[in-house]
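Residue numbers begin at 1 in each chain, while the letters A, B, ... track the order of the sequences.
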There are 2 protein chains.
Amino acid sequence: MAIEQTEEIFRHFEKYIKLSPILKNELATRMVFKSFKKGKLIHSADTICTKSYFIQKGLLRIYFIKDGKEITEYFSAENEWVNSPRSLMQQKLDIYYIDSLEPTDCFCLNVRDLVFLFDNFPEMERYARLSMGTAFGHFMERITSMRFTTAKEKYQHFCETYHDIHHRISLGMVSSYLGITQETLSRIRAEK
Amino acid sequence: MAIEQTEEIFRHFEKYIKLSPILKNELATRMVFKSFKKGKLIHSADTICTKSYFIQKGLLRIYFIKDGKEITEYFSAENEWVNSPRSLMQQKLDIYYIDSLEPTDCFCLNVRDLVFLFDNFPEMERYARLSMGTAFGHFMERITSMRFTTAKEKYQHFCETYHDIHHRISLGMVSSYLGITQETLSRIRAEK
DNA sequence: AATAACTTTTGACCTGGATCAAAAAATCAT
DNA sequence: ATGATTTTTTGATCCAGGTCAAAAGTTATT
């Protein structure tokens, strides 16, 4: 991959670890740049996940299907990794689908390269541990926000968490993310 | 710490990584065995968390206080690590308290030793990454179980998740964990 | 054992948000 | 552009679970 495109993702890594020139080179060699147009299915639940995507620009949705309806698990935007976590790490099937809500540019690493990097660069293990810690904190906040809060408070929390992208996402996707109905969310939005 | 007591925790590590004799020795040297009687406050929100506890036997609760009431974030029992995650990792204050719901025996590692182990044993980084992955999966399941489920289904999911300990925990603590009222939980339990 | 201090259960009532239905608005395809 | 499809809004009704209150049961203290 052209080394000039890697600045952003390297900056992301360097929030957590120092990148040696050797590791930078290994990363740049292994990452593949990919563009998806809006509405593309990037990963399906009936395949094992073999790739992890780092979003440079765009917006993806991770969802599963319950009673025939798509339920949003979460959204991912710029500077975040996206994959089907259990499927990727344990190389088995899981319930999640991933699609693009906007035209999206990604860096893509396949599972063999990930394993290589973890096996040969301890700092990659550290990066993964620390960045997962950050994600963990967000999950705990989300769990807190889902108990003991009204639908309106849930929506407000959502707008804070996804402040710069909440207006790019359709009503139905947001409502299933929050665990409320479309109708209720529509009324909440109307009332101010 | 006496090396004979470490069998269980070593077995836990070895679910994820291979332990070299050197690492075993470092762990055994640094871990301190601690016993808490029931009802002891193990960590308070007004201190920075400096220790991580691995439960050998017993039951701990992680909670925070909202509107003067204790809200259970989660429970931890045998073979699990307990700490105030963000407080421990970032050495800053966070909202969580930890107390013992039963007499509890733990292995205790302080933050300096943790840092030493992470700095000197890449396999510890890997262990942390992989075991966090497991915890992550549980959180995702919990989030799913909290949306689109009735109070009864939430309680059933709780009983499955904490199958061998759900009867050891008081009503109020369970209901705040689930985000329902005590009264509702009492009625659910009564009805069969 | 008696008293005090929690914890759980039971009852009566009320409300936030679900459900069902259909109109209005926005987006897409030819 | 024009009709077709999808998304959002609005309305009417209903019920799961919240709130408040008080009784019953448990556990701890002297």
Side-chain angles (χ1 to χ4, degrees), chain A residues 36-41 59 61 63 65-72 75 97 99-103 143-159 162 165-192, chain B residues 36-41 59 61 63 65-72 75 97 99-103 143-159 162 165-192:
Chain A
F36 300 105
K37 55 179 95 163
K38 179 174 174 171
K40 173 98 169 66
L41 187 67
L59 184 56
R61 169 179 68 139
Y63 66 97
I65 294 178
K66 191 190 176 185
D67 307 327
K69 283 170 37 178
E70 298 176 356
I71 309 290
T72 302
F75 305 99
Y97 298 78
D99 69 358
S100 51
L101 303 184
E102 296 181 356
I143 288 173
T144 299
S145 135
M146 296 214 311
R147 293 177 294 176
F148 312 107
T149 56
T150 62
K152 186 176 181 176
E153 288 166 335
K154 288 186 182 78
Y155 179 62
Q156 284 167 341
H157 180 262
F158 165 78
C159 290
Y162 288 101
I165 54 175
H166 75 266
H167 55 278
R168 307 193 225 158
I169 303 173
S170 81
L171 191 82
M173 290 174 186
V174 175
S175 66
S176 75
Y177 172 84
L178 295 175
I180 62 179
T181 59
Q182 296 196 15
E183 294 92 329
T184 297
L185 183 53
S186 173
R187 283 182 248 262
I188 288 166
R189 278 186 172 169
E191 78 182 41
K192 60 169 252 176
Chain B
F36 300 105
K37 54 178 96 163
K38 179 176 173 169
K40 172 97 169 67
L41 187 68
L59 184 58
R61 169 180 65 139
Y63 67 96
I65 294 179
K66 190 190 175 183
D67 306 328
K69 283 172 35 178
E70 297 176 356
I71 309 290
T72 301
F75 305 100
Y97 299 78
D99 69 358
S100 50
L101 303 183
E102 297 181 357
I143 287 173
T144 299
S145 138
M146 297 213 311
R147 292 176 296 177
F148 312 106
T149 57
T150 63
K152 186 175 180 177
E153 289 167 333
K154 287 186 182 77
Y155 179 63
Q156 286 168 341
H157 180 262
F158 164 77
C159 290
Y162 288 100
I165 54 174
H166 75 267
H167 54 280
R168 308 192 224 158
I169 303 172
S170 80
L171 191 83
M173 290 173 185
V174 175
S175 66
S176 74
Y177 171 82
L178 294 175
I180 61 179
T181 60
Q182 294 196 16
E183 293 92 329
T184 297
L185 182 53
S186 174
R187 282 182 246 262
I188 287 166
R189 277 186 172 169
E191 78 183 44
K192 59 168 253 175

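Note on B:S186: a base of the nucleic acid sits closer than 4.0 angstrom, heavy atoms only. Among the protein residues, A:T181 comes within range of the nucleic acid bases, having at least one heavy atom under 4.0 Å from a base atom.
Between the side chain of B:T72 and the backbone N or O of B:S176, no donor-acceptor pair lies under 3.5 Å. A donor-acceptor pair under 3.5 Å is absent between the side-chain atoms of A:K152 and the main chain of A:I188, judged by distance alone.
Atom CG in A:L185 sits about 13 Å away from atom P in D:dT10, given to the nearest Å. The distance between atom CG of A:L171 and atom P of D:dT7, rounded to the nearest whole Å, is 10 Å. For B:E153 and D:dA16, the CD to P distance is 12 Å, given to the nearest whole Å. When the C1' atom of D:dT10 is taken as reference, atom CD1 of A:I188 falls 15 Å away, rounded to whole Å. Note: CZ (A:F148) to C1' (D:dG17) measures 13 Å, nearest angstrom. Between B:Y155 atom OH and D:dG17 atom P there is a gap of 15 Å when expressed in whole angstrom units. One interatomic measurement links the two molecules: CG of B:L178 to C1' of D:dG17, which rounds to 13 Å at whole-angstrom precision. For the pair A:R189 CZ and D:dT8 P, the computed distance is 7 Å after rounding to whole Å.
Bracketed by its first and final contacts, the part of DNA chain C lying under 4.0 Å from non-hydrogen atoms of chain B reaches from C:dT8 to C:dA12 in 5' to 3' order.
Residue-environment remark: NZ (B:K38) stays at or below the threshold of 12 foreign heavy atoms within 6.0 Å. No more than 12 heavy atoms of other residues, nucleotides or ligands lie within 6.0 Å of NZ in A:K69, so this atom counts as exposed by the packing criterion.
You'll find the side chain of B:I65 stays beyond 4.5 Å of the side chain of B:I71, heavy atoms only.
A ring-centre distance under 6.0 Å is found for A:Y177 and A:Y162.
Note: B:I169 CD1 to B:F75 CZ = 4.0 Å, rounded to the nearest 0.5 Å.
Classification of the A:Y63-A:Y97 ring pair by plane angle, with boundaries at 30° and 60°, yields parallel.
For B:Q182, there are no side chain to side chain donor-acceptor pair (under 3.5 Å) partners, not counting sequence neighbours.
Phosphate contact (OP1/OP2 of D:dG17, side-chain N/O of B:T184, threshold under 4.0 Å): absent.
Each of B:K154 and B:K38 has a nearest nucleotide on DNA chain D; the 5'-most of these lies closest to B:K154.
From one end of the helix from C:dA1-D:dT30 to C:dT30-D:dA1 to the other, with five pairs defining each end axis, the axis direction shifts by 60° (rounded to 10°).
Residue B:E183 places its side chain closer to D:dC20 than to any other of D:dT8, D:dT10, D:dC20.
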